[in-house]
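The structure appears right after this line, and notes come after that.
All ligand and atom numbering here is 1-based and tracks the order in the structure. Just so it is clear, the model here is predicted, and its values are computed rather than measured.
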Amino acid sequence: MDTINTTVNKRKQKGEDMGDVSNGKTNSNSRRIPNIKFTKLFINGDFVDSISGKTFETIDPSSEEVIAKIAEGDKEDIDLAVKAARQAFDHGSWPRMPGCERGKIMNKFADLIDENLEELAALETFDVGKVYSFETNVDIPSISKELRYFAGSADKIHGKTLKLSSEFQGYTLLEPIGVVGLIIPWNFPSAMFVLKCAPALAAGCTMVIKPAEQAPLAALYLAHLAKLAGIPNGVLNVVTGFGDTSGAAVASHMDIDCVSFTGSTEVGRLVMQAAATSNLKTVSLELGGKSPLLIFDDANVNQAADLALLGSLANKGEICVCSSRVFVQEGIYDKLVENLVEKLKTWVVGDPFDPSTHQGPQVDKEQYEKVLSYIDQGKREGASLLIGGKPCGKKGYYIEPTIFENVTDDMLIANDEIFGPVMCLMKFKTIEEAIGRANATKYGLAAGIVTNDLNIANRVSRSIRAGIIWINCYHNFDSGCPIGGYKMSGFGKDHGVEALEKYLQNKAVVTPIYHSPWL
Ligand code: NAI
Ligand code: MG
């Protein structure tokens with residue numbers, strides 16, 4: 001794709017720096033490089049060095065240069081954070097204050113996010129290469145909404161009166177589960193942080209958050225805002241560091257009551273094992289997928305192409321619900337391909353701070369190389385490259401938007417989560433075939449259907465085994481709409497009132513009842 005290569009290169013020639021960045025400076029008109037204010041662990045309300053004094057580097061994926069050195073937490077730091085969270089849970093005000101008071105503080109946290117939207121957005125763009133305009137228009141506004149949604153739920157958490165079969169009266173109490181461990185990924189650093197902490201805060205829990213090592217900046221900034229909002233010391237702790245050290249310490253901690261994890265299937269399995277062999281803490285896992293988008297003959301071609309591009313390429317394909325398998329009915333196939341190719345002619349890969357950019361760099365070298373190796377694998381397996389397939393730009397982890405045709409169900413690219421800007425196009429004839437092939441995956445996180453036929457939409461949405469089905473839309477997330485996996489995409493919900501459940505204990509209370517006129 002020439003357009004894509006030249007888009008990156010032209011900017012470099014014009015001196016619009018693609019990567020020579022330093023703290024607090026703007027190196028091109030579009031770049032809004034934030035000052036990095038927070039680089040230490042946030043424990044018990046203070047920013048502190050790690051016990052070992054060790055640090056790790058966080059990298060700008062558009063320049064491959066070091067942004068900052070971040071405190072590297074390990075097991076001992078997790079122990080300190082858990083101690084603070086335990087103290088705040090057992091003796092602090094947070095679980096004991098009226099829900100409406102917790103809600104008030106959470107709303108203040110949301111207000112502060114809105115007030116500091118641009119800084120937070122810039123931190124994310126800088127740290128992980130997310131497109132800045134998307135951050136300011138969609139991503140960061142969605143997290144203050146999420147906080148407000150759960151702030152509103154904090155005083156509506158209640159059990160039931162039970163109808164018992166003998167002379168007893170019973171009711172249930174929903175109590176905060178305790179200290180929770182939240183292990184989050186790098187693809188939506190702020191959104192994942194809030195997705196996990198908002199329902200836990202509403203429930204009255206205290207927490208230790210372990211951000212991904214690729215994306216520590218936004219998490220530490222959010223910790224600072226949480227403190228400013230008035231969340232008491234010890235309630236929300238953030239320990240930056242690596243997965244096999246600080247992450248593993250969260251999963252196996254004897255004093256953490258629940259762990260909520262989003263990330264790879266492989267690590268999800270380790271988290272569950274660690275929970276099983278430590279204190280049997282409850283676990284919820286969101287583990288990505290290989291989600292199908294099904295485009296039927298009657299669909300509007302233009303809309304279908306837009307949804308296929310959105311589903312596969314948004315956030316550089318680094319989305320758990322990404323529609324990397326696009327099944328297209330044979331009658332509309334050629335027109336759809338034509339439309340996709342046409343649309344990609346104006347697709348810009350480049351500086352994520354530039355308002356004209358559609359796609360920034362992959363998050364890090366490891367993910368970049370992983371995606372490129374899947375592209376090679378696709379070629380070796382005999383899929384035809386319709387468009388893209390190469391790295392682009394001289395510096396930074398940029399990859400062309402890539403579409404494979406003639407992909408068969410047995411190919412690795414049709415089965416593994418690639419987590420990059422790679423679409424696999426597959427043709428089908430009948431509805432039955434589409435349903436069967438869409439379900440032939442170990443995953444079950446999401447699916448999309450593009451059709452104007454209500455009967456097709458109803459039948460297919462009920463037949464696909466996945467946690468969320470988008471009909472004539474894609475990537476429509478909402479605080480009120482639960483999301484979570486079937487099969488090996490995991491279990492437990494984020495968003496929606498359902499998300500509260502994992503942070504609550506359901507206690508039954510039973511007492512004799514005398515001389516009641518009825519049971
Ligand atoms: P990962 O699963 O290793 O990382 C996710 C989080 O888990 C990070 O905070 C990490 O530090 C932590 N972690 C890693 N090892 C751990 C352990 N042993 N115990 C406890 N926590 C641990 O994901 P990674 O390596 O960054 O990406 C690999 C692949 O995972 C991606 O290519 C993608 O396919 C998938 N992924 C899926 C995500 C989703 O949204 N479901 C998000 C990120 C990655
Ligand atoms: Mg990993």
Side-chain angles (χ1 to χ4, degrees), residues 56 58-59 61 70 72-75 78 127-128 130 181-189 191-193 195-196 208-216 218-219 238-253 256 259-278 281 283-291 314-322 324 362-374 397 399 412-413 415-422 442-446 467-468 475 477 483-485 487-492 494-495:
F56 66 100
T58 191
I59 309 284
I70 307 293
E72 183 186 330
D74 204 331
K75 186 178 176 310
I78 294 290
D127 212 9
V128 296
K130 291 165 75 75
L182 308 174
I183 304 176
I184 56 178
W186 41 263
N187 52 343
F188 287 82
M192 289 289 167
F193 185 104
L195 182 82
K196 302 283 188 200
V208 176
I209 303 176
K210 211 303 275 172
E213 52 273 32
Q214 298 88 341
V238 179
V239 178
T240 45
F242 292 96
D244 53 1
T245 51
S246 50
V250 168
S252 63
H253 207 286
I256 288 183
V259 64
S260 176
F261 169 82
T262 297
S264 61
T265 309
E266 186 194 1
V267 173
R269 210 188 276 277
L270 293 177
V271 167
M272 209 164 159
Q273 275 168 1
T277 53
S278 56
K281 58 179 70 61
V283 175
S284 73
L285 304 174
E286 202 272 71
L287 308 176
K290 193 72 191 172
S291 301
N315 205 49
K316 349 145 200 172
E318 293 174 344
I319 307 192
C320 50
V321 291
C322 161
S324 53
Q362 305 309 125
V363 70
D364 65 6
K365 192 160 189 274
E366 190 181 327
Q367 290 297 314
Y368 168 78
E369 285 172 352
K370 178 183 159 188
V371 175
L372 290 174
S373 82
Y374 272 115
Y397 306 122
I399 298 178
L412 206 62
I413 56 168
N415 287 281
D416 281 14
E417 182 174 55
I418 299 175
F419 232 59
V422 182
K442 63 183 178 190
Y443 292 115
L445 190 55
I468 187 163
H475 288 326
F477 302 101
I483 185 161
K487 303 193 269 181
M488 285 180 74
S489 289
F491 49 86
D494 291 310
H495 290 311

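On a distance-only criterion, Ile183 and ligand 1 share no N/O pair closer than 3.5 Å. At least one N or O atom of Lys210 sits closer than 3.5 Å to an N or O atom of ligand 1. Residue Thr262 has no N or O atom closer than 3.5 Å to an N or O atom of ligand 1.
When only modelled atom types and interatomic distance are considered, Gln367 and Glu318 share no side-chain donor-acceptor pair under 3.5 Å. Side-chain contact, Ser246 with Asp74: no donor N or O sits under 3.5 Å from an acceptor N or O. Tyr374 and Asp416 share a side-chain donor-acceptor pair at under 3.5 Å.
Under the 3.5 Å distance criterion, the side-chain polar atoms of Lys130 are matched with a main-chain donor or acceptor of Asn187.
Among Leu287, Ile468, Val321, the single residue meeting the side chain to side chain contact (heavy atoms under 4.5 Å, CB included) criterion with Leu445 is Val321.
For ligand 1 and Gln214, the ligand atoms under 4.0 Å from any heavy atom of the residue are 26 (O). Residue contact check: Glu213 has heavy atoms under 4.0 Å from atoms 10 (C), 11 (O) of ligand 1. Listed by atom number, the atoms of ligand 1 under 4.0 Å from Cys320 heavy atoms are 39 (C), 40 (O), 41 (N).
No part of Ala274 comes within 4.0 Å of ligand 1, judged by heavy-atom distances. The backbone of Leu287, and not its side chain, has at least one atom closer than 4.0 Å to an atom of ligand 1 (non-hydrogen atoms only; backbone = N, CA, C, O). Of the heavy atoms in Ile184, only backbone atoms (N, CA, C, O) come closer than 4.0 Å to ligand 1. At a heavy-atom cutoff of 4.0 Å, ligand 1 is contacted by both the backbone and the side chain of Ala212. If you look at Glu318 next to ligand 1, there are no close heavy atoms at all, none under 4.0 Å. Counting heavy atoms under 4.0 Å from ligand 1, residue Glu266 does not touch it at all.
Of the candidates Asp416, Ile418, Leu270, Leu270 brings a heavy atom nearest to atom 18 (N) of ligand 1.
For Lys442, there are no salt bridge (charged side-chain N to carboxylate O under 4.0 Å, His left out) partners, not counting sequence neighbours. With sequence neighbours left out, the side-chain hydrogen bond (donor to acceptor under 3.5 Å, both in side chains) criterion links Thr262 to Lys196.
Within the cation-pi definition used here (under 6.0 Å to the ring centroid, within 45° of the axis), Lys316 does not qualify as a partner of Tyr368.
The shortest heavy-atom contact between Gln214 and Trp186 is OE1-CD1, 3.1 Å.
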